[in-house]
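Here the structure is laid out as structure tokens; the discussion comes afterwards.
Here the structure is a predicted model, which means the values were calculated and not measured. For reference, positions follow the sequence shown, starting with 1. No hydrogens, no waters, no symmetry mates; every other heavy atom, side chains included, goes into these values. We count ligands from 1, going down the list as the structure has it; atoms in each ligand are counted the same way.
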Amino acid sequence: MKERTYHIITFGCQMNVHDSQWLGRALEARGFSAAPLEEAQVVMVNTCSVREKPELKVMSTLGRIRQATGNSPRVLVGVAGCVAQQLGDALFRQRQVRLVAGSDGISGAPAAIERLLDDPALRLSLLDFTSHYEEREPGAPLPRAAAGHVNIMQGCDNFCAYCIVPYTRGRQKSRATAAILDDCRALLASGASDITLLGQNVNAFGQDKSGDGTSFRALLDKVDALPGLARLHYVTPHPKDMGPLDVAAFGELDHLCPRLHLPLQAGSDRVLARMGRKYDAARFLRLVEELRRARPDIALSTDLIVGFPGESEEDFQATLDMMRACDFMASFSFCYSDRPGTRASRFLDKIAPDVQQDRLLRLQALQDELGDRWLAARVGQEADVLLESRSPRDAAAGNGESWQGRDVYGALVHVPLPAGDHLGRMVRVRIEHAHRHSLVGSVSGGRPC
Ligand code: SAH
Ligand code: SF4
Ligand code: F3S
């Protein structure tokens with residue numbers, strides 16, 4: 001074990017990934033450095049409870065940490081994130097755990113870690129929700145990267161019947177516009193040119209008591225105008241809150257990319273109503289039409305749940321029909337799972353796991369078809385690719401070096417290039433062929449710019 005080193009294990013959504021990156025940078029600003037699990041003095045597990053068996057995952061991760069660190073009492077282990085918020089102090093039953101930090105509490109984790117290292121007898125829990133979005137200590141400078149994320153809110157007020165997020169992340173709290181813009185400017189100054197705005201229900205930005213009067217569309221306009229920005233994205237919008245101005249933005253803003261992750265969840269009106277999603281299939285289809293009118297080439301992806309309580313084969317077929325009608329280029333799909341405290345967990349008409357599994361496989365086969373078709377249609381087209389990193393060896397085409405990046409639709413593109421550092425460059429390529437989940441392009445028009 002090396003003094004003042006840390007290791008963070010992260011599960012869950014982009015917001016957790018973002019929180020973990022911040023925690024790492026905050027610890028670095030306090031003199032810590034990153035280390036492999038076996039050598040770290042501080043090990044944090046940032047957890048997710050949205051699906052599956054989160055407690056089991058945490059327990060098995062704690063077991064892995066015990067093994068890797070020889071169960072040394074000198075190693076400080078903490079649990080953060082949504083399972084920490086959900087289970088709270090019960091996590092102290094695991095003797096090695098000395099810090100439990102919930103969704104808002106994580107902002108106090110760097111200081112708590114220092115205290116815990118000074119006092120080996122101490123255990124701390126940070127579980128209170130704050131009433132406003134609390135700014136965090138800035139941390140060490142951002143690492144060099146082509147793209148970055150900026151949090152615009154915390155929590156969610158929607159209480160979809162199946163979802164634990166409003167309980168684990170708390171009520172919606174919008175961040176102040178000035179702080180968001182500062183973060184965006186810092187990212188751009190660090191060399192990134194691609195920004196994704198993050199939140200659980202981004203279109204509702206500003207519509208809570210923490211909001212500063214700026215609407216989501218006004219925020220988009222402000223970020224879009226920042227010098228140095230090449231690409232702007234956001235995740236996740238809620239269909240019920242996508243207003244006409246949000247739709248129009250796809251035709252009006254210079255840098256907003258023609259790709260939207262728009263969670264549908266289910267295609268049957270009966271299921272959508274029981275889920276409490278507050279839109280029906282017709283409204284969703286209208287929204288898709290409006291989006292395509294604003295930006296004809298827009299690529300749509302989605303989240304889908306199969307086997308929600310009471311879902312009949314006919315309901316499930318309605319989901320498949322909607323997938324075809326919306327022509328999703330990609331989707332994340334999940335079997336419904338009970339989450340403690342949610343409305344759906346009390347519904348009695350649960351669907352048997354083998355039926356859920358069968359539906360999931362059929363849905364994923366259709367998605368593969370739609371995804372393959374979308375990727376195949378790109379072959380022969382020109383694309384601007386923002387290079388993010390060297391391709392893993394097995395994805396590289398040919399003998400030379402291959403880099404990977406994203407096109408304007410967020411598709412992964414591998415590009416053979418002369419050896420060198422191409423991070424952050426935008427290259428124009430011709431798409432040569434399509435793999436299962438990515439494309440291969442070759443630089444057209446001479447030298448990479
Ligand atoms: N705020 C986003 C994402 C929330 S969680 C939204 O509203 O879409 C990410 C995804 O996990 C959800 O979109 C949903 O598809 C899935 N999910 C959430 N709770 C679930 C549950 N109990 N069972 C299965 N999937 C679930
Ligand atoms: Fe969960 Fe619904 Fe909120 Fe998304 S909008 S985080 S699915 S409650
Ligand atoms: Fe998971 Fe919490 Fe994100 S439950 S999906 S880590 S908000």
Side-chain angles (χ1 to χ4, degrees), residues 9-20 45-55 57-58 79-87 101-106 129 149 151-173 197-205 207-208 234-242 260-267 271-272 274-279 284 301-309 311 319 328 330-347 350-351 353 356-357 359-360 363:
I9 300 170
T10 307
F11 300 104
C13 62
Q14 199 55 52
M15 302 195 70
N16 260 17
V17 173
H18 190 63
D19 281 349
S20 290
V45 189
N46 199 3
T47 58
C48 170
S49 46
V50 83
R51 287 177 296 273
E52 294 150 21
K53 303 201 162 49
E55 293 88 344
K57 213 168 190 172
V58 174
V79 181
C82 290
V83 178
Q85 190 69 54
Q86 190 190 340
L87 299 183
S103 301
D104 289 350
I106 195 169
F129 284 121
H149 293 79
N151 234 341
I152 67 165
M153 68 210 306
Q154 170 82 298
C156 181
D157 287 347
N158 285 325
F159 291 93
C160 300
Y162 50 82
C163 187
I164 199 164
V165 171
Y167 306 93
T168 57
R169 288 264 168 183
R171 288 300 70 68
Q172 180 181 309
K173 295 181 286 249
L197 303 178
L198 277 183
Q200 290 294 356
N201 184 9
V202 287
N203 319 82
F205 173 80
Q207 295 165 36
D208 53 72
Y234 57 80
V235 72
T236 309
H238 193 302
K240 79 171 165 59
D241 292 313
M242 285 272 323
L260 185 65
H261 187 76
L262 189 64
L264 168 65
Q265 311 298 359
V271 174
L272 285 170
R274 283 189 99 201
M275 285 178 163
R277 290 290 290 178
K278 302 190 177 73
Y279 54 84
F284 193 94
S301 53
T302 199
D303 286 353
L304 297 160
I305 297 177
V306 299
F308 186 76
E311 184 190 69
T319 298
F328 293 121
S331 63
F332 295 114
S333 47
F334 319 99
C335 289
Y336 166 80
S337 76
D338 269 346
R339 303 289 84 201
T342 60
R343 288 200 306 290
S345 68
R346 294 188 293 275
F347 293 171
K350 298 282 153 60
I351 304 298
Q356 285 190 323
Q357 199 54 37
R359 287 180 188 166
L360 187 68
L363 182 151

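Among the atoms of C163, none of the N, O or S atoms falls under 2.8 Å from atom 3 (Fe) of ligand 2. For atom 3 (Fe) of ligand 3, the N/O/S atoms of C13 include one lying under 2.8 Å. With a cut-off of 2.8 Å, atom 1 (Fe) of ligand 3 has no N, O or S atom of C82 in range.
The residue M15 has no part lying near ligand 3, judged by heavy-atom distances below 4.0 Å. With a 4.0 Å heavy-atom cut-off, ligand 2 is reached by no atom of P263. For Y162, every heavy-atom contact with ligand 2 shorter than 4.0 Å involves the side chain, none the backbone. Residue R277 touches ligand 1 through its side chain alone, judged by heavy-atom distances below 4.0 Å.
Comment: R51 does not engage D303 in a salt bridge, judged by the lack of any side-chain N to carboxylate O separation of less than 4.0 angstrom.
Counting only heavy atoms of the protein, atom 3 (Fe) of ligand 2 lies nearest to C156 SG, 2.3 Å. Regarding atom 6 (S) of ligand 3, its nearest protein heavy-atom neighbour is N16 ND2, 3.3 Å. Given atom 5 (S) of ligand 2, the protein heavy atom at minimum distance is N158 ND2, 3.3 Å.
The shortest separation from a heavy atom of R169 to ligand 2 is not under 4.0 Å, leaving the residue out of contact. Residue-ligand proximity: G81 is placed with every non-hydrogen atom at 4.0 Å or more from ligand 3. Distances from ligand 3 to the non-hydrogen atoms of Q14 include no value under 4.0 Å.
Cation-pi geometry between R274 and F308 is not satisfied (NZ or CZ under 6.0 Å from the ring centre, within 45° of the ring normal).
Scanning I305, L262, D303 for the heavy atom closest to atom 9 (C) of ligand 1 points to D303.
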